[in-house]
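Below is one structure; the comments refer to it alone.
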Amino acid sequence: MNLPSYGEAKKREKVTYQTIDYQIPKQLKDKYHGKKYFLKTYGCQMNEHDSENIRAMLLQLGFVEISLMDDADLILLNTCSIRENAHNKVFGMLGRIKHLKEKRPSLLVGFCGCMAQEEGVVSDIMNKYKWINFVFGTHNLYDLPRILEESIEKGKQEIEVYSKDLDMVENVPVLRDKSYKAYVNIIYGCDKFCTYCIVPYTRGSERSRKREDILNEISKLYHDGYQEVTLLGQNVNAYGKDLYDDYGLGELLSDIAMMPIPRIRFVTSHPWDFTDKMIEVIGKYPNIMPSIHLPVQSGSNSILKKMGRRYSKESYLELFDKLKKVRPGIAISTDIIVGFPGESEQDFKDTLDLVHYCQYDNAFTFIYSPRENTPAAKLVDDISLEEKEKRLYQLNEVVNTYFLENNKKHVGRVEKVLVEGESLKKKGMYFGYTEENKLVNFTGKNIKEGSIISVKISSAKTWSLDGEAYE
Ligand code: 5AD
Ligand code: SF4
């Protein structure tokens with residue numbers, strides 16, 4: 001048994017990671033032939049991509065995926081810690097699973113992802129959820145086949161959660177959700193320790209994958225006909241710092257852009273280590289998509305300081321302006337937290353002023369949620385829920401106005417759209433995403449999923465565009 005420890009998770013030491021190749025233990029191959037599994041994924045793209053690895057490992061074990069959990073032999077939850085409501089959803093789900101397990105004790109239940117890295121959650125699992133069969137963390141995802149097997153062999157709860165990454169494991173199999181767009185991890189973990197955020201504890205230190213491993217993966221995707229890659233990391237801008245003196249995200253992006261895969265995206269960028277090289281490369285290569293996610297969190301310098309964000313409103317705006325200048329028409333999206341401890345009316349007004357300046361194309365807005373063991377959780381949470389909700393509502397009203405205004409600018413234009421498929425609601429209606437990552441619903445004939453086509457935009461809504469395929 002290995003339990004998570006925040007003390008260990010917080011340490012940042014210089015380690016040289018060994019790269020090892022994933023291999024499924026031979027005797028486990030196809031051992032569960034025909035058994036059914038149900039996988040539920042919560043949270044960010046990183047978790048979605050981890051689930052693509054989980055699916056591939058379960059396939060190697062012989063499992064088949066089903067979409068209704070009632071008939072499953074194995075239920076696996078890939079969880080998220082980022083805010084309280086993510087927790088609540090998972091605990092709600094556990095309540096439903098418990099009923100199934102009571103009716104069918106042979107049902108296997110596994111628990112993984114960020115919540116598995118939390119001391120409090122794992123202690124609850126050991127005391128109150130003894131029926132969960134196995135738990136594994138974000139650092140040993142690749143160990144799923146062995147942990148699952150061991151929990152069956154031993155017939156008791158198996159908890160294998162490491163608080164530190166042990167090795168860099170390459171070639172973990174992946175069953176991608178789509179055949180035309182792919183996620184590619186470039187860096188794991190986060191060393192920023194923003195005071196409200198649990199991620200540095202659940203995902204560990206910043207560890208970059210070797211550039212040749214990333215470039216090989218993308219080259220294969222390109223040759224397999226993939227149209228789009230999204231480079232993933234909690235903070236992609238830190239790419240390479242732990243491995244190289246003179247090779248960072250700017251250099252990596254330019255190497256990928258020359259391959260040349262048609263569409264390159266990357267998430268998430270911390271404004272603090274956005275280099276001039278990156279800005280130059282974004283301006284230079286048309287296949288780097290004109291869409292950047294640049295979380296600001298707050299427009300008040302005093303709140304940014306308390307959040308430990310390392311930049312001021314002024315330096316954020318300077319970066320924002322540089323991006324708008326180097327790539328005219330670039331869509332910029334953001335994350336904003338309201339109700340951080342001590343946020344005054346004036347601090348909130350500063351955030352609204354910043355939003356009026358930036359006129360974001362998209363924004364994810366949240367009420368501050370204290371997270372176990374983070375520095376901000378020790379601050380007095382002095383704003384009432386009613387006030388937080390009022391601020392969130394007010395902020396949403398403002399951001400939504402700009403989504404619509406920005407979308408309206410696209411009406412009448414012919415846009416390149418990567419087709420995702422036919423609408424489930426309406427036959428003959430398709431949907432896809434523009435280069436700026438805007439959702440477009442459009443009509444057309446002989447439309448092929450996974451192709452990039454021209455669409456003439458006819459009207460704009462707050463969260464989407466409408467259009468018609470254009471010859
Ligand atoms: N409370 C509210 N929002 C949070 N985020 C991260 N931690 C918290 C928290 N404790 C938001 C930030 C981040 C996004 C992924 O989630 O805005 O950018
Ligand atoms: Fe969390 Fe800050 Fe790291 Fe983003 S940069 S994952 S908000 S600690």
Side-chain angles (χ1 to χ4, degrees), residues 6 9-10 12 42-49 79-89 113-115 117-118 120 138 185-208 232-239 241-242 249 266-274 292-300 303-311 316 319 332-343 348 351 354-355 358 360 362-379 381 383 385 388-389 391-392 395-396 399:
Y6 285 135
K10 196 175 174 184
R12 291 296 185 266
Y42 299 84
C44 65
Q45 289 108 325
M46 198 74 85
N47 262 17
E48 277 175 36
H49 186 42
T79 62
C80 167
S81 303
I82 199 87
R83 282 170 295 275
E84 186 63 33
N85 58 357
H87 262 215
N88 294 345
K89 279 186 205 157
C114 288
M115 281 172 73
Q117 297 293 144
E118 289 188 61
T138 56
N185 284 323
I186 62 166
I187 180 167
Y188 301 99
C190 180
D191 289 348
K192 293 291 168 289
F193 288 102
C194 300
T195 58
Y196 52 81
C197 187
I198 200 167
V199 168
Y201 307 92
T202 59
R203 291 274 172 178
S205 15
E206 287 173 354
R207 287 147 292 135
S208 304
L232 284 185
Q234 304 297 341
N235 173 22
V236 285
N237 298 22
Y239 176 76
K241 285 185 181 174
D242 54 322
L249 183 61
F266 52 93
V267 276
T268 293
S269 283
H270 189 299
W272 186 72
D273 35 20
F274 214 113
I292 307 270
H293 189 57
L294 198 64
V296 68
Q297 313 299 359
S298 169
S300 148
I303 296 294
L304 286 172
K305 199 152 184 227
K306 284 192 199 157
M307 288 177 161
R309 289 292 287 179
R310 306 169 187 224
Y311 54 83
Y316 179 90
L319 169 63
I332 299 188
S333 58
T334 201
D335 292 342
I336 299 173
I337 299 175
V338 298
F340 188 80
E343 186 189 64
F348 178 60
T351 298
L354 179 130
V355 168
C358 293
Y360 291 106
N362 202 357
F364 300 91
T365 55
F366 311 105
I367 286 180
Y368 166 69
S369 166
R371 308 313 296 130
E372 184 180 277
N373 192 52
T374 56
K378 295 182 189 79
L379 301 173
D381 193 0
I383 305 160
L385 182 62
K388 288 176 186 166
E389 282 172 348
R391 289 182 192 176
L392 184 69
L395 175 64
N396 284 342
V399 291

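Note that the coordinates shown come from a computational prediction; the quantities given were computed from them, not determined experimentally. Order of listing sets the numbers, starting from 1, for every ligand and every atom in it. One is the number of the first residue; the rest follow in order along the sequence.
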Determine the interplanar angle of the F364 and H293 rings, folded into 0 to 90°, and report it as parallel if under 30°, tilted if 30 to 60°, perpendicular if over 60°. perpendicular

Just which atoms of ligand 1 are under 4.0 Å from any heavy atom in R371? 10 (N)

Under 4.0 Å, counting heavy atoms only: does I367 come that close to any atom of ligand 1? yes

Check whether any heavy atom of R309 sits under 4.0 Å from an atom of ligand 2. yes

R391 side chain to G339 backbone, donor-acceptor under 3.5 Å: no

Looking at non-hydrogen atoms alone, which of I198, T334, T268, D335 comes nearest to atom 14 (C) of ligand 1? D335

Heavy atom under 4.0 Å from ligand 2: found in N235's side chain, backbone, both, or neither? neither

Any donor-acceptor pair under 3.5 Å from Y311 side chain to V296 backbone: yes

Counting backbone and side-chain atoms alike, is an N, O or S atom of C197 positioned under 2.8 Å from atom 2 (Fe) of ligand 2? no

Check whether any side-chain N or O of T138 sits under 3.5 Å from a backbone N or O of T202 as a donor-acceptor pair, and report yes or no. yes

Look at D273 together with K241 and state whether they make a salt bridge at an N to O cut-off of under 4.0 Å. yes

the protein heavy atom lying closest to atom 11 (C) of ligand 1 turns out to be R83 NH1, 3.2 Å

Between F340 and the options Y368, F348, F366, the ring-ring contact (aromatic ring centres under 6.0 Å, His included) test singles out Y368

So for Y196 against ligand 1, with non-hydrogen atoms under 4.0 Å, the contacting part is both

With heavy-atom distances below 4.0 Å as the criterion, list the atoms of ligand 2 near H270. 5 (S)

By number and element, which atoms of ligand 2 are closer than 4.0 Å to a non-hydrogen atom of V199? 6 (S)

Relative to the heavy atoms of C190, which atoms of ligand 2 are at a distance of less than 4.0 Å? 3 (Fe), 5 (S), 6 (S), 8 (S)

Is E206 salt-bridged to K192, cutoff N-O under 4.0 Å? yes

Per-atom filter on ligand 1: closer than 4.0 angstrom to a heavy atom of Y368 are 1 (N), 2 (C)

Can you tell me which residue among K306, M307, K305 is in a side chain to side chain contact (heavy atoms under 4.5 Å, CB included) with S298? M307

Strictly distance-based, threshold 3.5 Å: is any side-chain N or O of E372 a donor or acceptor partner for the main-chain N or O of G120? yes

So which protein heavy atom does atom 8 (S) of ligand 2 come closest to, and at what separation? C194 N, 3.4 Å

The atoms of ligand 1 lying under 4.0 Å from a heavy atom of F366, numbered in the order shown, are 3 (N), 11 (C), 14 (C), 16 (O), 17 (O)

Within-cut-off N or O pair, Q297 and ligand 1, under 3.5 Å: yes

